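First comes the structure, then the notes that go with it.
Quick caveat, the model's predicted, so the values are computed rather than measured.
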There are 2 protein chains.
Amino acid sequence: MQGKARVQAMMGEDLLFLTDDQLRRGIEAMFFAYRAFTADPDMILTDMDYGRAHHRALHFVNRDPGLTVTALLAVLGVTKQSLNRVLRTLIDDGLVESRVGRRDRRERQLFLTPKGTALERRLSEAQRARMRAAYRNAGPQAVAGFRQVLEAMMDPETRAQYQAMKDLPEDH
Amino acid sequence: MQGKARVQAMMGEDLLFLTDDQLRRGIEAMFFAYRAFTADPDMILTDMDYGRAHHRALHFVNRDPGLTVTALLAVLGVTKQSLNRVLRTLIDDGLVESRVGRRDRRERQLFLTPKGTALERRLSEAQRARMRAAYRNAGPQAVAGFRQVLEAMMDPETRAQYQAMKDLPEDH
DNA sequence: TTGGAAAGTCAACAAGGCTGCCCTATCAGG
DNA sequence: CCTGATAGGGCAGCCTTGTTGACTTTCCAA
């Protein structure tokens, strides 16, 4: 045992990995990994004149069919106008269906059409394939740690939203 | 022991966390965490009419002073024009200095000025603070897993680049 | 019946990606 | 000493996706 490993052991677990250098490595890992994470769907998307924003919308509509525009807005954390532009093209192209709300007719509930479902599957399968490979490679214990750190990194409100999402699909 | 935990134990570690549902949770965690990850520096940056791209440039110039424009281009994975726009404002504003290359006068070597160093510190300290809190919260073992999964997610060339970076600063 | 919330629309703008083309300076090999 | 290749910069123009602000329509609920 020598060098950095020895120092870490001497420091004890509490202060472990908290040097600026270790934090910087984490920051850079996030940057590079996120770029890879979005690369596969991005390639499919540019082929069909869509962008990352379309993917995100498809993802969350697929995951929670019937959610309202406002709810989607909150999840994505963008402005109405930004989402609207994206949503409009998806609706016009027949990937997303917007129905008048059941309990409140002002609301629009969003659903994927079969065509939308197909594209969502294709995109997320590409992304899952990479994630699956990374998970397999790193092992179950690493995956648990991965998820723990990511959750701890989120803003509290986002984290609550994220944790609540595990119970879906809700009834709409 | 009940529900999901019991099922996982029954499945054994090999197949653990590899259901589509678990992968989707990982994907969403990446999305939400990355948004939080960039939020703090983004706020500082918009106040001063800079963007995320400026932060990235400052980060890598700071980490490896004297690197060439081509090297920075490769790390960031963007086009020359894209970087040039950002770099020009940083140079004009006196945050980055561009010196004629030592071994090859065609090259430009990039350095942070004191002013550039100051901003880089401010930005990365905001980002480190969040990362530090997340690390502390999740614990050392989780952090190791976090890094393992992120590395496994990168493209091979990027991973090689990332791993090579741990030896810096090089001599320029 | 009326106030206000939800949704949508329009206009305008900015950051930061991209491509393509052109230019200069410089280096290295024949 | 040329000549081709390389590093960098600049210009024009494109796209996506984010922003703000103002405005309308729809429609629920008090």
Side-chain angles (χ1 to χ4, degrees), chain A residues 31 34-35 38-39 41-61 66-93 96-110 172, chain B residues 31 34-35 38-39 41-59 61 66-93 96-111 172:
Chain A
F31 169 60
Y34 195 78
R35 199 171 60 187
T38 56
D42 278 0
M43 270 186 40
I44 299 173
L45 286 158
T46 45
D47 281 354
M48 22 198 340
D49 282 329
Y50 290 131
R52 209 174 286 179
H54 299 84
H55 181 195
R56 291 198 286 257
L58 289 175
H59 175 96
F60 286 106
V61 172
L67 91 171
T68 64
V69 171
T70 306
L72 183 54
L73 231 45
V75 172
L76 294 176
V78 296
T79 58
K80 198 169 44 163
Q81 176 61 355
S82 221
L83 174 59
N84 207 268
R85 198 166 22 196
V86 164
L87 217 43
R88 174 125 313 281
T89 70
L90 291 175
I91 292 169
D92 288 350
D93 295 353
V96 168
E97 193 189 346
S98 164
R99 296 185 208 149
V100 170
R102 265 197 348 166
R103 32 155 231 241
D104 183 336
R105 292 173 50 79
R106 287 170 302 183
E107 296 178 344
R108 297 291 177 275
Q109 294 189 276
L110 303 170
H172 286 293
Chain B
F31 170 60
Y34 195 79
R35 199 171 60 187
T38 55
D42 278 359
M43 271 185 41
I44 299 172
L45 287 158
T46 45
D47 281 356
M48 19 200 345
D49 283 327
Y50 289 133
R52 209 174 286 177
H54 299 82
H55 181 194
R56 291 197 286 255
L58 289 174
H59 175 97
V61 173
L67 91 172
T68 65
V69 171
T70 306
L72 183 53
L73 231 43
V75 173
L76 294 176
V78 296
T79 58
K80 197 172 47 164
Q81 286 72 8
S82 226
L83 174 60
N84 207 269
R85 195 165 27 192
V86 164
L87 214 46
R88 198 172 44 239
T89 70
L90 290 174
I91 292 170
D92 289 350
D93 294 353
V96 168
E97 193 189 346
S98 164
R99 296 184 208 150
V100 170
R102 265 195 349 165
R103 31 155 233 237
D104 185 335
R105 293 174 48 78
R106 287 171 305 181
E107 295 179 344
R108 297 291 176 274
Q109 293 188 276
L110 304 170
F111 301 86
H172 285 295

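Sorted by first and then second residue, the pairs that involve residues 67-89 of chain A and meet salt bridge (charged side-chain N to carboxylate O under 4.0 Å, His left out), not counting sequence neighbours, are Arg88(A)-Asp92(A).
Atom P of nucleotide dT17(D) and atom CG of Leu73(A) are separated by 16 Å, given to the nearest angstrom. We find that CZ of Arg102(A) is positioned 17 Å from P of dC27(D), with the value rounded to whole Å. Distance Gln109(B) CD to dA7(D) P: 14 Å, rounded to the nearest Å. Spacing between atom CG of Leu87(A) and atom P of dG18(D) amounts to 13 Å, rounded to whole angstrom units. Computed from coordinates, the Asn84(A) CG to dT19(D) C1' distance equals 14 Å when rounded to whole Å. Rounded to whole angstrom, the span from the CG atom of Asp42(B) across to the C1' atom of dT17(D) amounts to 14 Å.
Not a single salt bridge (charged side-chain N to carboxylate O under 4.0 Å, His left out) links Arg105(A) to another residue, sequence neighbours left out. Here Tyr34(B) pairs with Tyr34(A), Phe37(B) under the ring pair (Phe, Tyr, Trp, His ring centres under 6.0 Å) rule; sequence neighbours left out. Looking at residues two or more places apart in sequence or on another chain, you find a salt bridge (charged side-chain N to carboxylate O under 4.0 Å, His left out) between Arg106(B) and Asp104(B). Residues that satisfy the side chain to side chain donor-acceptor pair (under 3.5 Å) test with Glu97(A), not counting sequence neighbours, are Arg99(A). With sequence neighbours left out, Val78(B) forms a side chain to side chain contact (heavy atoms under 4.5 Å, CB included) with Leu76(B), Ser82(B), Leu83(B). For Ala74(B), the side chain to side chain contact (heavy atoms under 4.5 Å, CB included) partners two or more places apart in sequence, or in a different chain, are Gln161(B). Under the rule for a side chain to side chain donor-acceptor pair (under 3.5 Å), the partners of His59(A) that lie at least two apart in sequence or sit in another chain are Glu28(B).
Separation of atoms CG (Leu67(A)) and CD (Gln109(A)) is listed at 8.5 Å; rounding is to 0.5 Å.
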| Base versus backbone protein contacts along nucleotides 25-30 of chain C [heavy-atom cut-off under 4.0 Å; B, S, -] | BBS---
| message | Return a single string for nucleotides 11-22 of chain C, one symbol per nucleotide in 5' to 3' order, where B is base contact, S is sugar-phosphate-only contact and - is none, cutoff 4.0 angstrom on heavy atoms. | response | B----BBBBBB-
Report all interatomic pairs (protein N or O, nucleotide N or O of nucleotides 1-3 of chain D) with separations under 3.5 Å.
none

Which pairs of donor and acceptor atoms, one on a side chain in residues 41-49 of chain B, lie under 3.5 Å apart (sequence neighbours left out)?
{"residue": "Asp42(B)", "atom": "OD1", "partner": "Arg52(B)", "partner atom": "NE", "Å": "3.3"}
{"residue": "Asp42(B)", "atom": "OD2", "partner": "Arg52(B)", "partner atom": "NE", "Å": "3.2"}
{"residue": "Asp42(B)", "atom": "OD2", "partner": "Arg52(B)", "partner atom": "NH2", "Å": "2.7"}
{"residue": "Thr46(B)", "atom": "OG1", "partner": "Asp42(B)", "partner atom": "O", "Å": "3.1"}
{"residue": "Thr46(B)", "atom": "OG1", "partner": "Met43(B)", "partner atom": "O", "Å": "3.1"}

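Counting only heavy atoms from C-beta outward, the side chains of Leu110(A) and Phe60(A) never approach each other to under 4.5 Å.
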